[in-house]
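Bear in mind the structure is a predicted one, so any value in this text is a computation, not a measurement.
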Amino acid sequence: MGGAVSAGEDNDELIDNLKEAQYIRTELVEQAFRAIDRADYYLEEFKDNAYKDLAWKHGNIHLSAPCIYSEVMEALDLQPGLSFLNLGSGTGYLSSMVGLILGPFGVNHGVELHSDVIEYAKQKLDFFIKTSDSFDKFEFCEPSFVTGNCLEISPDCTQYDRVYCGAGVQKEHEDYMKNLLKVGGILVMPLEEKLTKITRTGPSAWETKKILAVSFAPLIQPNHADSGKSKLVHLPPVAVRSLQDLARIAIRGTIKKIIHQEAMSKAGNGLKNPPRFKRRRVRRRRMETIVFLDKEVFASHISNPSDDNNNSEDIEEERPEEEETKPSELKPDPPVNFLREKRFTLQPHQGDTTWSLQKTEEPQHTAAEQ
């Protein structure tokens, strides 16, 4: 799957191409895609293909094409504070982008069949938290991953606001997937070769929308040949945040707001005034006709009844006028020695014998005194 948009030189150019092709349509989704570099989730030897609109698979590690992830993110209609379940969470790339939108009060869970992929996802998540500037710019809902088959989730698990399945779902498992949703929730999954959006409008009411044709590997069926019993997958409990967590989130948010305000203030002080526009009158002359005929040259003016009697016309056009800068403005001000200025402002108080640094006139001596 993929190949819907041109490859980019870097992550931002890939996102630009996805926006231009209308795969990314909302600001929240765009911010999430720009905040996480897709190449960080590739093995080093395959990073040259990271910004192509193509799926990538190496062993059990798999990434869908960027255009597919874009459609999924848009269809999920993510909002801060929602709960999200990713079935077949893989590298954690999608779960991390979702976490940037859910914020600190969301729930972000993933189920992955292969334990080696779980370890890979945890390494990439740790790398993102420790090295990415985006982690400091967003309130992040950190994903939690568990190992198991997503078709064996414990029936007493909580329901979610948003669910995505990254493998092809057969018709026989459609109801199983629907039951993972809360009322009002959205499920996005490949169902019978179509990326499908299902909204739960009531306890037994659903709305279904086909988004686009896709080709996904099918879900792996549970294997009970060894023990004959299913291994239920128990998802992490949805715990109430501690007072310490709430305080940390509040302090972190306040610090971020102060830093942002200071940065905006500095940027505002450094902004130059936008160029002004002035109207300039341009005189445009009409062209005369020149005819070459048998080595002779004839020049004539072809008149038009609608033309004015003048041979030229005046038009107005707007040209940017850069503000004139005085030479003094181009030179930086010399550094100010505040200590020195403070000393020179010292004045002796009335009746005080302390010294003053102000210049005093020397007494003039008359000839008689000399």
Rounded distance [0.5 Å steps], [atom1] in [X] versus [atom2] in [Y]:
| X | Y | atom1 | atom2 | result |
| --- | --- | --- | --- | --- |
| Y164 | I186 | OH | CD1 | 15.0 Å |
| L113 | N149 | CG | CG | 5.5 Å |
| L82 | L76 | CG | CG | 10.0 Å |
| L94 | N86 | CG | CG | 5.0 Å |

> What about L212 and I24, same hydrophobic cluster or not, with Ile/Leu/Val/Met/Phe/Trp/Tyr joined at side-chain heavy-atom distances under 4.5 Å?
Replying inline: yes
> If Ile, Leu, Val, Met, Phe, Trp and Tyr residues are connected whenever their side-chain heavy atoms lie under 4.5 Å apart, and connections chain through other members, are L181 and V188 in the same group?
Replying inline: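 Looking at the clustering, V188 is in a separate group from L181.
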> In chain order, what residues pass the ring pair (Phe, Tyr, Trp, His ring centres under 6.0 Å) check against H58, with sequence neighbours excluded?
Replying inline: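 H58 satisfies ring pair (Phe, Tyr, Trp, His ring centres under 6.0 Å) with F46 only.
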Decide if atom [atom1] of [X] counts as having more than 12 heavy atoms of other residues, nucleotides or ligands within a radius under 6.0 Å.
| X | atom1 | result |
| --- | --- | --- |
| K210 | NZ | yes |
| E172 | CD | yes |
| K178 | NZ | yes |

List for me each residue that meets side chain to side chain donor-acceptor pair (under 3.5 Å) alongside [X], sequence neighbours excluded, and say none if there are none.
| X | value |
| --- | --- |
| D37 | Y51 |
| H173 | Q221 |
| D126 | K130 |
| S132 | none |

> Would you call R34 and E30 a salt bridge, using N to O less than 4.0 angstrom?
Replying inline: yes
Do [X] and [Y] have a side chain donor and acceptor closer than 3.5 Å?
| X | Y | result |
| --- | --- | --- |
| E74 | T26 | yes |
| Q123 | E119 | no |
| Y160 | H109 | yes |

> Can you check ring pair (Phe, Tyr, Trp, His ring centres under 6.0 Å) on F128 and F140, steps first, answer last?
Replying inline: CA-CA 11 Å; F128 168 72; F140 185 52; 5.4 Å; yes
> Under 4.5 Å between any side-chain heavy atoms of L125 and K122, yes or no?
Replying inline: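 The answer is no; the side chains never approach within 4.5 Å.
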> Between Y69 and Y93, is the gap from one ring center to the other below 6.0 Å?
Replying inline: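 Yes, the ring centres sit under 6.0 Å apart.
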Solution key, residues 249-256 side-chain donor-acceptor pairs under 3.5 Å, sequence neighbours excluded:
unit_1, atom_1, unit_2, atom_2, d
R252, NH2, F135, O, 2.7
T254, OG1, A250, O, 2.9
K256, NZ, K137, O, 3.1

